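It should be emphasised that the depicted structure is a prediction, and the values quoted were computed from it without experimental measurement. Only this structure's heavy atoms are used, side chains among them; waters, hydrogens and symmetry mates stay out.
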Amino acid sequence: GYSFAATAAGGICACANSIASGAAAAADGSCNAKCRGDTATACGDTNFPLQFATVTQLKGCATPTPAPTTPAPTPSPTPAPTTSAPAQQFSQRYEAENAVLAGRSPPRIETNLDDASGKKYVSNLVNGDDTITWTINVPSAGKYTISMVMQTFSGAKRVWLALNGVNLGNFLTDESQFKWTNWKIGEYDFKQGENKFVLTADWG
């Protein structure tokens with residue numbers, strides 16, 4: 001293809017790869033010949049061709065209006081990577097002898113038992129209204145695992161559980177008699193701060 005194309009005298013077409021030496025732009029009024037195919041458009045005049053640059057805009061009889069350019073899109077900022085704080089680790093022991101004991105039997109604190117923590121433990125949970133109530137404080141709301149160390153006598157034992165007045169069902173130990181066993185009771189939803197966890201005896 002050619003670098004330049006031009007019209008003159010309303011219908012003459014010309015092409016070239018360069019502009020003649022000494023050529024100069026004429027006034028716009030010198031290019032009034034109407035195009036034969038479109039009388040509303042000027043197509044140069046007898047001695048003044050109208051130029052259109054295909055690559056670089058050049059001056060001719062009239063300066064063509066450059067085609068609008070679409071600005072390059074502004075790249076969206078890349079968000080900085082974020083990391084979540086690790087879940088807070090929390091572990092706390094609550095002794096039964098320091099909890100609130102209630103019931104008909106009633107539950108009682110035994111002392112001077114060498115293999116019990118602090119040499120103390122709670123016994124005599126016999127009747128269905130015998131309870132141990134712990135006040136448990138946690139740093140934030142969420143699920144927490146409850147484990148208990150218990151020793152059973154005369155076979156497996158069932159205990160009933162409640163948290164903040166909500167019944168959690170029951171837990172049945174096996175027949176591991178006369179030895180302390182660490183039981184994972186379950187995972188429960190605690191509220192932030194103070195919670196009441198209640199164990200109620202079933203029998204024996």
Side-chain angles (χ1 to χ4, degrees), residues 65-204:
T65 303
T69 58
T70 303
T74 303
S76 300
T78 302
T82 58
T83 56
S84 299
Q88 184 174 6
Q89 300 297 313
F90 174 80
S91 179
Q92 182 66 51
R93 172 181 287 184
Y94 293 84
E95 300 288 353
E97 58 268 22
N98 297 328
V100 177
L101 309 179
R104 285 179 295 164
S105 298
R108 61 175 180 263
I109 299 173
E110 307 287 355
T111 59
N112 298 320
L113 187 67
D114 290 337
D115 61 349
S117 60
K119 295 187 177 183
K120 296 179 181 179
Y121 68 99
V122 172
S123 68
N124 205 40
L125 280 84
V126 177
N127 294 296
D129 61 351
D130 293 338
T131 61
I132 304 174
T133 301
W134 290 270
T135 299
I136 299 175
N137 285 281
V138 296
S140 59
K143 285 190 178 295
Y144 290 83
T145 300
I146 293 291
S147 298
M148 290 185 180
V149 177
M150 293 185 286
Q151 185 177 136
T152 62
F153 302 92
S154 303
K157 296 293 186 293
R158 186 184 307 275
V159 293
W160 296 90
L161 309 170
L163 177 62
N164 296 325
V166 177
N167 180 19
L168 301 178
N170 63 82
F171 178 81
L172 181 66
T173 70
D174 64 16
E175 298 186 11
S176 56
Q177 302 182 55
F178 304 107
K179 68 177 182 179
W180 295 108
T181 304
N182 190 350
W183 302 96
K184 180 180 177 181
I185 306 300
E187 293 184 352
Y188 306 105
D189 289 312
F190 281 70
K191 64 182 182 181
Q192 183 179 10
E194 185 176 285
N195 296 264
K196 297 292 186 181
F197 188 79
V198 181
L199 178 150
T200 302
D202 188 27
W203 70 275

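- Closest of all the heavy-atom pairs between Leu125 and Ala201 is CB-CB, 3.7 Å.
- Partners of Lys119 according to the salt bridge (charged side-chain N to carboxylate O under 4.0 Å, His left out) rule, which considers only residues two or more places apart in sequence or in another chain, are Asp114.
- Shown here are the side chain to side chain donor-acceptor pair (under 3.5 Å) partners of Asn98, two or more places apart in sequence or in another chain: there are none.
- Ring planes of Tyr188 and Phe197: tilted class, angle from 30 to 60°.
- Taking CD of Glu187 as the reference point, atom OG1 of Thr145 lies at 4.0 Å (rounded to 0.5 Å).
- With a 4.5 Å cut-off on side-chain heavy atoms, Met148 and Val159 do not count as touching.
- Between Trp183 and Thr181, the closest heavy-atom pair is CD1-O, 3.2 Å.
- In terms of modelled atom types and a separation under 3.5 Å, the side chain of Asn164 and the main chain of Lys196 share a donor-acceptor contact.
- Checking side-chain atoms of Asp130 against main-chain N and O of Ser105 turns up a donor-acceptor pair under 3.5 Å.
- Between the side chain of Asn167 and the main chain of Gly165, no donor-acceptor pair closer than 3.5 Å is present.
- Remark: Lys143 engages Asp189 in a side chain to side chain donor-acceptor pair (under 3.5 Å) (not counting sequence neighbours).
- Glu110 is linked by a salt bridge (charged side-chain N to carboxylate O under 4.0 Å, His left out) to Arg108, counting only residues two or more places apart in sequence or in another chain.
- Listed by chain and residue number, nothing satisfies the side chain to side chain donor-acceptor pair (under 3.5 Å) test with Ser147 (two or more places apart in sequence, or in another chain).
- Within the model, atoms CZ of Phe190 and OH of Tyr144 stand 8.5 Å from one another, a figure rounded to the nearest 0.5 Å.
- Residues Leu101 and Ile109 are in side-chain contact: their nearest non-hydrogen atoms beyond the backbone lie under 4.5 Å apart.
- A distance-only check finds no donor-acceptor pair linking the side chain of Glu194 to the backbone of Asn137 [under 3.5 Å].
- Considering only residues two or more places apart in sequence or on other chains, Tyr121 meets the ring-ring contact (aromatic ring centres under 6.0 Å, His included) condition with Trp180.
- Annotation: the span from Asp202 atom CG to Leu172 atom CG amounts to 9.0 Å, rounded to 0.5 Å.
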